[in-house]
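Just below is one structure, and these are the notes that go with it.
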Amino acid sequence: MKTYDGNQLVKNTSSLYLLKSIPYSLEFLLLFFTGALAILFHAKFKAGISMPGHHGLVFMALLFSGKYNSRFSYAGSILSMGMGFALLMPFLGFKDPLASLVYTIPGFTFDLMRTQKIKNAFLLIILGGLSYALIPFVRMILGLLSIIPLKGAFLKFGFVYPHISFFLFGLAGVCIAFFGTKLIRKYL
C-alpha cells in the first residue's frame, strides 16, 4: 500500500499482531476458566439427590454455551483442558483417578463432531446429550478393563440407569444453553 506521495508504507506487523491476539488470548482464558468453573460447581454443589448425572445441567450448559459462542473451532478442547486442570486441584475433593480423563470427554467429543457446522437444533441437542452420556460409558469400560474398581452410580443403580440419566441431564443442559443463547442473541 502506498501513501499519498507515492512512498511505500512502513509495515508494522508486530503491533498489529499484538492488537489482534489480545481478544483471542482473552477468549482462550475465558474458555479455560469456564471449564474450570464447571468443575468448581460440580465440587461445591455435591449435595446428592441420588440421581446420577444431575450436574449435567450446569456442566453441559457451561460447556455448550462456551463452545457455541466461541470463535475457536476447538473451544470444547479448551474447556476440557480447564476441566482437567481443575480436577487435578487437591482441595476440590475429587479422589477418583479417572475423573480428569472422564469429565473432559464431552468437550473433546463436541470438537470431534464439528458441532459448529450443524444447523439443526434438534440434532445438536441430541449430540450434546450423547456426549455427556459418554461419561458413564467410558467409566464403565475403564472400570471393567482396569484394576480400578467400579464405584458410585453403577453400584447403586446398575448399568442402564446411569446412562439414561446422564443422557437426559446432558440433553437438558444443552437445551438450556442453546435456547438461552438464542434468546440473548435475539434481544441484544
Side-chain angles (χ1 to χ4, degrees), residues 23-89 92 94 99-139 152-153 161-188:
Y24 286 110
S25 61
L26 288 177
E27 183 175 349
F28 180 89
L29 288 173
L30 182 66
L31 289 170
F32 186 85
F33 287 117
T34 301
L37 182 68
I39 295 300
L40 184 68
F41 279 141
H42 182 68
K44 293 300 173 187
F45 300 114
K46 277 192 172 182
I49 58 171
S50 291
M51 294 183 76
H54 65 277
H55 291 288
L57 284 171
V58 175
F59 188 83
M60 289 303 286
L62 287 172
L63 177 75
F64 186 78
S65 62
K67 171 77 176 156
Y68 192 68
N69 294 314
S70 176
R71 295 176 287 178
F72 294 127
S73 61
Y74 50 89
S77 298
I78 298 169
L79 284 154
S80 292
M81 286 189 300
M83 291 174 202
F85 178 75
L87 281 166
L88 295 175
M89 297 294 155
L92 290 179
F94 289 102
S100 60
L101 169 70
V102 173
Y103 280 100
T104 58
I105 289 174
F108 290 128
T109 55
F110 262 135
D111 287 345
L112 290 175
M113 289 187 282
R114 312 286 294 169
T115 53
Q116 287 181 329
K117 307 240 185 256
I118 298 173
K119 300 295 181 201
N120 186 352
F122 180 73
L123 179 63
L124 199 58
I125 291 169
I126 294 292
L127 288 175
L130 287 174
S131 69
Y132 193 64
L134 283 175
I135 291 174
F137 179 74
V138 171
R139 187 180 294 262
Y161 180 67
H163 296 290
I164 294 170
S165 180
F166 268 76
F167 173 73
L168 291 175
F169 280 114
L171 185 104
V174 172
C175 194
I176 289 168
F178 181 79
F179 290 113
T181 302
K182 289 282 188 188
L183 190 67
I184 289 171
R185 284 184 181 176
K186 182 179 178 182
Y187 291 109
L188 288 180

Check your understanding: Got a second to check how far Tyr24's OH is from Leu26's CG, nearest 0.5 Å?
Key -> 12.5 Å

Check your understanding: Do the non-hydrogen side-chain atoms of Phe167 and Leu130 ever get within less than 4.5 Å of each other?
Key -> yes

Review point. For the atom pair CD1 (Ile78) and CE (Met83), what is the distance rounded to the nearest 0.5 Å?
Key: 11.5 Å

Check your understanding: What heavy-atom pair brings Leu101 and Thr104 nearest, and what distance separates the two atoms?
Key -> O-OG1, 2.8 Å

Point to revise | Main-chain N/O of Lys67 paired to Ser70 side chain as donor or acceptor, under 3.5 Å | key: no

Point to revise | Qualifying residues under side chain to side chain contact (heavy atoms under 4.5 Å, CB included), relative to Leu29, sequence neighbours excluded | key: Phe33

Point to revise | Shortest non-hydrogen separation from Leu57 to Ala172 and the atoms involved | key: CD2-CB, 3.4 Å

Check your understanding: Between atom CD1 of Ile126 and atom SG of Cys175, what is the distance when rounded to the nearest 0.5 Å?
Key -> 9.5 Å

Check your understanding: Which pair of non-hydrogen atoms, one from Ala75 and one from Gly66, has the smallest distance, and what is that distance?
Key -> CB-O, 4.3 Å

Exercise for review: Test Thr181 against Phe64 for side-chain contact (heavy atoms from CB on, under 4.5 Å), laying out the working first.
Suggested key: CA-CA 10 Å; Thr181 302; Phe64 186 78; 5.7 Å; no

Study note, to complete from the structure: Here the side chain to side chain donor-acceptor pair (under 3.5 Å) pairs for residues 75-85, sequence neighbours left out, are Ser77-Asp111

Point to revise | Check: Phe169 and Met60 side chains under 4.5 Å, non-hydrogen atoms | key: no

Review point. With a 4.5 Å heavy-atom cut-off, do Pro106 and Ile135 have their side chains touching?
Key: yes

Review point. If only atom types and distance count, is the side chain of Ser165 paired as donor or acceptor with the main-chain N or O of Gly53 below 3.5 Å?
Key: no

Study note, to complete from the structure: Per side chain to side chain contact (heavy atoms under 4.5 Å, CB included), Val174 is matched among Phe110, Tyr132, Phe179, Tyr68 by Phe110

Point to revise | pair Pro23-Arg71: side-chain heavy atoms closer than 4.5 Å | key: yes

Study note, to complete from the structure: Nearest heavy-atom approach of Ala133 to Phe166 is CA-CB, 4.0 Å

Point to revise | Parallel, tilted or perpendicular: rings of Tyr103 and His42 (30°, 60°) | key: tilted

Revision key, fill the gap. When rounded to the nearest 0.5 Å, the distance separating OH of Tyr74 from CE of Met81 is 8.5 Å

Check your understanding: Can you tell me how far CZ of Phe108 sits from CG of Leu112, rounded to the nearest 0.5 angstrom?
Key -> 9.0 Å

Review point. Would a 4.5 Å heavy-atom cut-off, applied to side chains only, mark Leu37 and Leu40 as touching?
Key: yes

Review point. Side chains of Leu62 and Val58: closer than 4.5 Å at any heavy-atom pair?
Key: yes

Study note, to complete from the structure: dist Leu63:CG -> Leu79:CG (nearest 0.5 Å) comes out at 5.5 Å

Revision key, fill the gap. Closest non-hydrogen contact found for Ser131 with Thr109 is CB-OG1, 3.1 Å

**Study point:** Main-chain N/O of Ala177 paired with Lys182 side-chain donor or acceptor, under 3.5 Å
**Key:** no

Review point. Are any non-hydrogen side-chain atoms of Phe41 and His55 less than 4.5 angstrom apart?
Key: no

Point to revise | Atom OH of Tyr161 with >12 non-hydrogen neighbours under 6.0 angstrom | key: yes

